[in-house]
Amino acid sequence: MVMTGRFISLEGGEGVGKSTQLLLLAEALKARGLSVVTTREPGGTPGAEAIRGLLMTGAVDRWSPRTEALLFAAARADHVERVIRPALAAGSWVLCDRFIDSTRAYQGVAGGLTDDEILALHRVGSQGLMPDRTLVLTMPVAAATARMVARDGADADRFAARSDGFLDRVADAFVALAAREPERFRLVAADGPAEAVTARLVAALADLTS
Ligand SMILES: Nc1ncnc2c1ncn2[C@@H]1O[C@H](COP(=O)(O)OP(=O)(O)O)[C@@H](O)[C@H]1O
Ligand SMILES: Cc1cn([C@H]2C[C@H](O)[C@@H](COP(=O)(O)OP(=O)(O)O)O2)c(=O)[nH]c1=O
């Protein structure tokens with residue numbers, strides 16, 4: 001009998017180190033003999049990557065938060081159906097760079113939709129699939145923005161043009177979501193060397209790996 005895998009999402013604002021840590025955490029889990037699939041949102045399938053292209057390019061006001069929420073939900077539905085559920089069913093752990101809590105933070109708390117509206121879209125699109133553990137990387141917005149500017153330079157996407165106030169609301173939203181669901185969430189400090197952050201993330205999964 002194949003054991004069902006665990007579904008882990010990595011969350012936090014831009015530049016906190018999610019993409020970096022996704023790869024390092026995958027290596028750490030593989031070293032423990034686990035089968036690991038890494039993926040990201042928006043994206044993870046050809047269809048969802050096409051929707052990502054619509055979301056990430058163009059003027060900041062190209063889409064309203066309500067339309068964005070629908071596009072993210074549609075991309076997520078394809079990703080869940082074609083990649084995440086099959087991988088979990090096959091016994092793999094799935095590490096996902098952002099998931100539903102990004103929609104709750106960006107389009108919800110910062111964008112003005114209610115949490116109920118976003119969770120309703122998630123029920124329709126993805127049958128309400130929730131991660132087993134959500135790891136939120138936390139660091140001051142200014143420090144994360146500095147990392148992001150160093151990474152992207154002139155290639156910044158639509159979302160990178162958001163005001164500091166918007167990014168502060170996003171960061172606060174993740175902390176508030178974590179406080180409401182302490183079983184699922186862990187807040188993990190994102191400062192210091194990458195290897196130190198990975199060790200904190202592994203520790204935050206200890207109850208799932210034992
Ligand atoms: N622990 C760290 N210390 C210093 N720089 C880091 C660290 N982790 C990631 N970076 C760098 O910061 C930038 C943003 O990291 P990235 O993983 O792309 O973040 P995110 O996916 O959250 O936007 C990248 O240039 C990355 O190399
Ligand atoms: C998944 C998701 C992402 N986003 C935003 C957050 C990011 O600004 C952008 C793309 O995410 P991402 O590629 O992870 O950007 P970064 O590496 O800079 O963190 O999309 C939402 O607004 N809602 C969502 O549901």
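As the structure lists them, so they are numbered: ligands from 1, and atoms in each ligand from 1. Computed from heavy atoms alone, side chains included, the values below leave out hydrogens, waters and symmetry copies.
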Quiz item: Which of the atoms in ligand 2, numbered in the order shown and given with their element, are less than 4.0 Å from a heavy-atom of K18?
Solution: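 Answer for ligand 2: 19 (O).
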Self-check item: Ligand-residue contact atoms, ligand 2 with S102, heavy atoms, under 4.0 Å
Solution: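 Near S102, meaning under 4.0 Å from one of its heavy atoms, ligand 2 has 1 (C), 2 (C), 23 (N), 24 (C), 25 (O).
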Quiz prompt | Atoms in ligand 1 flagged as close to P193, the criterion being non-hydrogen separation under 4.0 Å | solution =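 It comes down to these atoms of ligand 1: 1 (N).
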Exercise. Considering the heavy atoms of T20, write down every atom of ligand 1 situated less than 4.0 Å from one of them.
Key: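 Selected atoms, number and element: 9 (C), 15 (O), 16 (P), 17 (O), 26 (C).
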Run the salt-bridge test on [X] and [Y] with the 4.0 Å N-O cut-off and return the result as yes or no.
X: D116; Y: R123; value: no
X: E49; Y: R40; value: yes
X: K18; Y: E11; value: no
X: R147; Y: D152; value: no
X: R104; Y: D101; value: yes

What protein heavy atom sits nearest [atom], and how far off is it?
atom: atom 25 (O) of ligand 1; result: R151 CB, 3.4 Å
atom: atom 18 (O) of ligand 2; result: E14 CG, 3.0 Å
atom: atom 3 (C) of ligand 2; result: F72 CE2, 3.5 Å
atom: atom 25 (O) of ligand 2; result: T103 OG1, 2.5 Å
atom: atom 13 (O) of ligand 2; result: R52 NH2, 2.7 Å
atom: atom 11 (C) of ligand 1; result: R147 CD, 4.3 Å
atom: atom 19 (O) of ligand 1; result: G17 N, 3.1 Å
atom: atom 17 (O) of ligand 2; result: R151 NH1, 3.5 Å
atom: atom 22 (O) of ligand 2; result: Q107 NE2, 2.9 Å
atom: atom 21 (O) of ligand 1; result: S19 OG, 2.5 Å
atom: atom 12 (P) of ligand 2; result: R98 NE, 3.6 Å

Quiz item: Is there a heavy atom of G192 sitting under 4.0 angstrom from any atom of ligand 1?
Solution: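 It does; at least one heavy atom falls under 4.0 Å.
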Quiz item: Does even one non-hydrogen atom of A150 get within less than 4.0 Å of ligand 1?
Solution: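 No, A150 has no heavy atoms under 4.0 Å from ligand 1.
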Quiz item: Any N or O of R76 that comes nearer than 3.5 Å to an N or O of ligand 2?
Solution: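 Yes, since at least one N or O of R76 sits under 3.5 Å from an N or O of ligand 2.
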Practice problem: Give a yes or no on whether R184 atom CZ has more than 12 heavy-atom contacts from other residues, nucleotides or ligands under 6.0 Å away. | Solution: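 Enclosed.
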Exercise. Mind checking side-chain hydrogen bond (donor to acceptor under 3.5 Å, both in side chains) for S126 and listing every partner two or more places apart, or none if nothing turns up?
Key: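 Applying side-chain hydrogen bond (donor to acceptor under 3.5 Å, both in side chains) to S126 gives none.
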Exercise. Answer side chain, backbone, both or neither: which part of A196 comes under 4.0 Å from ligand 1, heavy atoms only.
Key: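 The answer is neither.
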Quiz item: F99 and side-chain contact (heavy atoms from CB on, under 4.5 Å): which partner among V80, T39, L10, I8?
Solution: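 Filter result, single survivor: V80.
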Self-check item: Proximity to ligand 2 by part of M56, non-hydrogen separation under 4.0 Å
Solution: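 The side chain, only.
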Quiz item: Among R52, R98, R76, which one satisfies salt bridge (Lys or Arg N to Asp or Glu O under 4.0 Å) with E41?
Solution: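 Result for salt bridge (Lys or Arg N to Asp or Glu O under 4.0 Å) with E41: R76.
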Quiz item: So Y106 and F166, would you call those rings parallel, tilted or perpendicular, with 30° and 60° as cut-offs?
Solution: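 Geometry flag for F166 against Y106: tilted rings.
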Practice problem: Please report the closest heavy-atom contact between P86 and R82, naming both atoms and the distance. | Solution: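 Closest approach of P86 to R82: CG-O, 3.6 Å.
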Exercise. Please report the closest heavy-atom contact between L22 and D97, naming both atoms and the distance.
Key: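 That closest heavy-atom pairing would be CD1-N, 3.8 Å.
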